[in-house]
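Single-structure report; data block below.
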Amino acid sequence: MLWDRLTELGWPDYTPPHCPSALAREARRAFTGFLTEVAADPPFSAGDVPDLDPEYVLDEEFGLAIAIDFAEHGDERLIGAASRYSNWERQVDAIQVKPSPPREVPLVTEPQQVLEKEIDLRVAKVLVGRRITIVGGRRSTPIVERICQCFGPEVAQIRWLEAEPNKSPNLDGLENVRPETDVVICITGAIGHPESDTVARRSRRGGLEPVLVERRSEIETALRARYGKGGPTR
C-alpha cells in the first residue's frame, strides 16, 4: 500500500518540486530510516496472513493490516486490540485467529477498560523475585503450574507447606518472611483455625499480610484481587 505509492512517485530518487536539494536529501534520509523500522522483513505473503473470525468489515486493507499485526505479535506481548464492535462482522469480546498464535485477541471497546491479561501482568510484576509460600492441604502440581502460567514465576519460587489431615503443618518456614521478598497464601479450609491464626501472626510479624483463601482453587482469583490493582499496563 504505502510502498506501492512510493514506487509510483519514483522513490528513492523522487525529489519534491520547489524543494531545496539539501532539505530533500535530509528528508529522504529520515524517511528511509523510518521505513527500515516499520517494513516487515521478510514481507508477508498471502499464505502467511491469518484468518480472523469475525472478519473486519470497516475497510478491507485495514483488516489485512490488522491480521498481519496479530501474526507478527503473536506472543505474550499482544494483550488486546482497541476497536469498535461495529468494525467487525458481529459483536464479540475476542477475535479468533487461525492459524495461531495468538489463538484469540481480546477487544478493548471502552475507555480505561482493563483486560484480564493486564491484571495478570500486574500480578506478575509483583511476584518477580519473590518466594511464594502456600500453606495448607497437599501440594497440587496443576495449581502450581497454573500459577506459573498465569503470573510467570518459576516452579522453584513456589514452596508448599503441606498440612495432612488432623496434623499441624510445620510453620517454621514463616519465621523470616518479608513483604519485599515473600508472598504467603494460606488455604484456611485445609488447616485448622489455630494454624490459620499462626500463619497470619507469623506473616504479620514480618510486616507481610497473608493472602487468605478457603480453597486452593481460589488462589488465582485472590492473587488478582490483592496484587492486580493499579494503572493501565499498556
Side-chain angles (χ1 to χ4, degrees), residues 75-80 93-94 100-106 108 110 112-234:
D75 54 22
E76 295 184 356
R77 294 177 299 170
L78 184 59
I79 298 175
D93 292 325
S100 59
R103 182 177 61 84
E104 66 176 22
V105 178
V108 179
E110 299 292 337
Q112 303 301 316
Q113 180 179 340
V114 178
L115 298 174
E116 184 175 285
K117 182 62 177 177
E118 290 183 276
I119 296 174
D120 287 358
L121 288 174
R122 293 170 186 168
V123 177
K125 186 175 181 180
V126 173
L127 298 184
V128 169
R130 280 179 166 82
R131 177 178 54 184
I132 303 166
T133 301
I134 302 174
V135 184
R138 302 302 297 271
R139 182 182 179 91
S140 169
T141 298
I143 293 292
V144 171
E145 291 178 346
R146 183 64 182 168
I147 293 172
C148 294
Q149 179 184 353
C150 291
F151 310 122
E154 300 293 334
V155 173
Q157 288 178 243
I158 302 175
R159 62 174 179 172
W160 201 305
L161 305 184
E162 296 182 319
E164 299 180 4
N166 302 317
K167 191 173 182 180
S168 298
N170 183 351
L171 302 179
D172 291 344
L174 298 178
E175 287 298 333
N176 298 311
V177 294
R178 296 290 183 272
E180 301 84 8
T181 58
D182 292 273
V183 169
V184 174
I185 303 167
C186 181
I187 307 174
T188 59
I191 60 176
H193 289 295
E195 288 78 10
S196 297
D197 291 342
T198 300
V199 171
R201 185 172 61 255
R202 293 193 181 186
S203 298
R204 291 165 183 160
R205 186 184 301 160
L208 177 64
E209 186 65 31
V211 177
L212 305 179
V213 298
E214 178 70 21
R215 294 175 292 274
R216 63 187 184 182
S217 61
E218 301 170 356
I219 290 177
E220 297 163 44
T221 300
L223 287 173
R224 291 186 179 108
R226 172 68 63 85
Y227 301 114
K229 300 176 183 179
T233 59
R234 287 191 288 270

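Below, all heavy atoms of this structure are taken into account, side chains as well, without hydrogens, waters or symmetry copies. Not measured: the values here are computed from a predicted model. One is the number of the first residue; the rest follow in order along the sequence.
A salt bridge links E162 to R138: one of the charged nitrogens lies within less than 4.0 Å of a carboxylate oxygen.
When I134, V199, V211 are each tested for a side-chain contact (heavy atoms from CB on, under 4.5 Å) with V184, only one passes: V199. When the options L121, D93, I79 are evaluated for a side-chain contact (heavy atoms from CB on, under 4.5 Å) with L115, the one that passes is I79.
Annotation: the span from S217 atom OG to I143 atom CD1 amounts to 6.5 Å, rounded to 0.5 Å. The line from OG1 of T198 to NE2 of H193 is 12.5 Å long, rounded to the nearest 0.5 Å. How far SG of C186 is from CG of L174: 9.0 Å, rounded to the nearest 0.5 Å. In this structure, the separation between CD on E154 and CD1 on I147 is 13.5 Å, given to the nearest 0.5 Å. Rounded to the nearest 0.5 Å, atoms NZ (K117) and CZ (R122) are 13.0 Å apart. Rounding to the nearest 0.5 Å gives a distance of 11.5 Å between CD1 of I132 and CH2 of W160.
Two residues are said to be in side-chain contact when any heavy atoms from C-beta on lie closer than 4.5 Å; V144 and R139 meet this criterion.
When all heavy atoms are compared, the tightest approach of C150 to R224 is SG-NH2, 3.8 Å. Counting all heavy atoms, side chain and backbone alike, C148 lies closest to I158 at SG-CD1, 3.9 Å. Shortest non-hydrogen contact noted between S140 and R216 is CB-NH1, 3.3 Å. Residue P179 comes nearest to G206 through the heavy atom pair CD-O, 3.1 Å, listed as atom of the first residue, atom of the second, then distance. Contact between I191 and G136 at its shortest, heavy atoms only, is CG2-CA, 3.5 Å. Of all the heavy atoms in N176 and D182, the pair that sits closest is O-OD2, 4.2 Å.
Under 3.5 Å, the side chains of T181 and R130 contain no donor-acceptor pair of N or O atoms.
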- Message: Could you walk me through whether V135 and I185 satisfy the side-chain contact (heavy atoms from CB on, under 4.5 Å) test, starting with their C-alpha distance in whole Å, then the side-chain angles of each, then the deciding distance to 0.1 Å, before giving a yes or no?
- Response: CA-CA 6 Å; V135 184; I185 303 167; over 6 Å; no

- V183/Y227 under side-chain contact (heavy atoms from CB on, under 4.5 Å): CA gap, chis, key distance, verdict: CA-CA 10 Å; V183 169; Y227 301 114; 3.9 Å; yes

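Panel note: side chain R226, backbone P210; a donor-acceptor pair is recorded below 3.5 Å. With hydrogens and angles disregarded, a donor-acceptor distance shorter than 3.5 Å links the side chain of R159 to the backbone of G173. Listed for the E218 side chain is a donor-acceptor partner under 3.5 Å among the backbone atoms of E214. With hydrogens and angles disregarded, no donor-acceptor distance shorter than 3.5 Å links the side chain of E175 to the backbone of R202. With hydrogens and angles ignored, the 3.5 Å screen pairs no side-chain donor or acceptor of E145 with any backbone N or O of P142.
Residue-environment remark: CZ (R205) exceeds the threshold of 12 foreign heavy atoms within 6.0 Å.
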